[in-house]
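One structure below.
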Amino acid sequence: MSDKKPATIAVRQGISSDSQYHAVVPPIYLSTNYRFPEFGEVPQYDYARGGNPTRSHLERALADLEGGAGAVVTSCGMSAINLLVSLFSSDDLIVAPHDCYGGTYRLLDSRAKKGAFKVSFIDQTNPDALDEALAKKPKLLLIETPSNPLLRVVDVVELSKKAHAVGALVAVDNTFLSPVLQQPISLGADFVVHSTTKFINGHSDVVGGVIVAADAEKAEELAWWGNCIGATGGAFDSYMVLRGIRTLGVRMRQHEENAAAVLAYLQDEELVGTIYHPSLPSHPGHEIAKRQQAGFGGMVSFELNGDEAELKCFLQSLELFALAESLGGVESLVAHPGSMTHRAMSDEAQAEAGLAPTLLRLSVGLEDAADLVADLKQAFDKVRETK
Ligand SMILES: *Cc1c(COP(=O)(O)O)cnc(C)c1O
């Protein structure tokens, strides 16, 4: 399937592959263990931690979607990153973005404190900071683009070239766009990680992850470690995510179309301050995003012009956008990073990271765009009434 377009790969993986009953949709295999055909003859699958036919379908689909040689489906996004860092040793330096996903920051920081490896968090949009970090000969450069919640974009082609020149491997967290809108391996990355909890599953009912490797040897090493540390995902979750990705192509298109409608409205709304979205020519990463992304995605962040009471009024007045963490599901969500995803950061650290107190992040879902815009408008009208 790897020669096909993403929508085709997502729809077709495993279809009509059942040789026993010719089921069109591949059956789910819940068995933990598999019979050895004979003494001393190891079957393709023996124990489900190491491998499972349902998980294999999802791994094949995600490896093909990302243009990699192989993939390991994991229990969540964090376990995919934990699996990735299992490849490194105590003297190895990992360079990560200072504004990476909070869970990633916590994992790298805590593991480094235990001596698993060394870590350096830098502003990857700053070329001097990047060059300085790369001069220390890191073993891994971890990239997250677009970033959360300000949707900062970095140039994967350029960063990969620079990292490879000093012998570092490159991994990209592609959670915000999915392989339909960005394929980091084609831009030079060695690994791609995802929280499949988000757009890839897309229905907010599975926590899952994946790591895809560009080359087969690294894919095998990851599969070995995945089994060794027990990072792999379960059969039922894999079945659900495989069901979710069938519609990934159409979902991503609609997320983007709806986000564009929301953006058009927000740009004319007087209660909206700075808007963060790579589709806007004023966004510092606009040109890079145009080059390396096949679309701008469904995440939109903006600052509300108002105080905390007005912010609260706005959030309480929304009817369709639920105040919740996570993203990428069919349902629209709104998050206040300052008190939710990024609450572990002090006010000073938030200010330094560019997070204004009234910054809001929308995960624009698949409801009718006109209803979404009307919901935002009526909530802003409520704020206006209190002014
Ligand atoms: C959610 C998320 C993760 C962590 O994934 P889980 O499935 O929650 O473990 C990692 N990176 C990014 C960018 C995320 O949004």
Side-chain angles (χ1 to χ4, degrees), residues 55 58 62 66 71-86 94 96-111 119 121 124 140-154 156 171-179 181-182 184 189 191-212 226 229-234 236-238 240-241 244-245 252 255 276 278 285 293 297-301 324-329 333-337 340-345 353 355 361-365:
R55 190 164 78 229
L58 180 59
L62 292 170
E66 287 289 3
V72 180
V73 161
T74 57
S75 60
C76 65
M78 286 326 305
S79 57
I81 294 171
N82 202 21
L83 176 53
L84 169 67
V85 301
S86 301
I94 295 175
H98 70 150
D99 56 348
C100 63
Y101 176 74
T104 304
Y105 184 93
R106 181 175 58 193
L107 174 77
L108 297 177
D109 186 51
S110 309
R111 283 240 179 279
V119 69
F121 296 99
Q124 295 182 351
L140 177 71
L141 177 69
L142 178 65
I143 297 173
E144 217 181 283
T145 180
S147 73
N148 179 25
L150 295 179
L151 304 162
R152 290 197 184 102
V153 173
V154 294
V156 178
V172 177
D173 185 331
N174 200 22
T175 298
F176 266 46
L177 289 176
S178 94
L181 297 184
Q182 179 169 267
F191 302 102
V192 177
V193 293
H194 279 281
S195 166
T196 58
T197 313
K198 318 292 168 54
F199 287 104
I200 287 187
N201 178 56
H203 293 74
S204 305
D205 52 8
V206 178
V207 174
V210 71
I211 175 158
V212 180
I229 66 175
T232 49
F236 192 74
D237 287 355
S238 298
M240 294 286 279
V241 177
I245 66 165
M252 293 314 294
H255 277 298
Y276 301 88
Q293 301 177 190
M299 302 300 298
V300 177
S301 295
E325 298 196 355
S326 199
L327 58 112
L333 301 173
V334 59
H336 176 244
M340 296 166 69
T341 49
H342 292 63
R343 66 173 172 259
M345 286 167 81
L355 307 190
R361 186 193 76 185
L362 303 179
S363 175
V364 181

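Remember, it's 1-based here, ligands and their atoms both numbered in the order they're listed.
- Residue contact check for ligand 1: N148 places no non-hydrogen atom closer than 4.0 Å to it.
- You'll find the side chain of L107 reaches within 4.5 Å of the side chain of R111, heavy atoms only.
- The heavy atom nearest to atom 5 (O) of ligand 1, considering only S75, S195, G103, is found in S195.
- Close N/O approach between E144 and ligand 1 is not found [any backbone or side-chain N/O within under 3.5 Å].
- Looking at D173 and C100, their side chains never come closer than 4.5 Å, going by heavy atoms from C-beta outward.
- Using a 4.5 Å heavy-atom threshold, the side chains of V364 and M299 count as separate.
- Checked by atom type and distance alone, the side chain of D237 never pairs as donor or acceptor with a backbone atom of S75 at under 3.5 Å.
- Here the heavy atom of the protein found nearest to atom 14 (C) of ligand 1 is K198 NZ, 3.0 Å.
- Remark: minimum distance from atom 4 (C) of ligand 1 to any protein heavy atom is reached at Y101 CE2, 3.4 Å.
- Interface atoms of ligand 1 facing G208, defined by a heavy-atom separation under 4.0 Å, are 7 (O).
- The distance from ligand 1 to the heavy atoms of T197 drops below 4.0 Å at these ligand atoms: 7 (O).
- The closest donor-acceptor contact from the side chain of S301 to the backbone of L150 lies at 3.5 Å or more, if one exists at all.
- Nearest protein heavy-atom contact of atom 6 (P) of ligand 1 is G77 N, 3.3 Å.
- S326 and R361 make their closest contact through O-NH2, 3.1 Å (heavy atoms, listed as atom of the first residue, atom of the second, distance).
- An N or O contact shorter than 3.5 Å is missing between T104 and ligand 1 by distance.
- Every heavy atom of G328 sits 4.0 Å or more from the atoms of ligand 1.
- Each salt bridge (Lys or Arg N to Asp or Glu O under 4.0 Å) pair with one or both residues in residues 145-154, not counting sequence neighbours, appears once here: D99-R152.
- With respect to atom 11 (N) of ligand 1, the closest heavy atom belonging to the protein is D173 OD2, 2.7 Å.
- For M78, a nitrogen or oxygen atom sits less than 3.5 Å from a nitrogen or oxygen atom of ligand 1, counting backbone and side chain alike.
- Formation of a donor-acceptor pair under 3.5 Å by the Q124 side chain with backbone atoms of L142 is found in this model.
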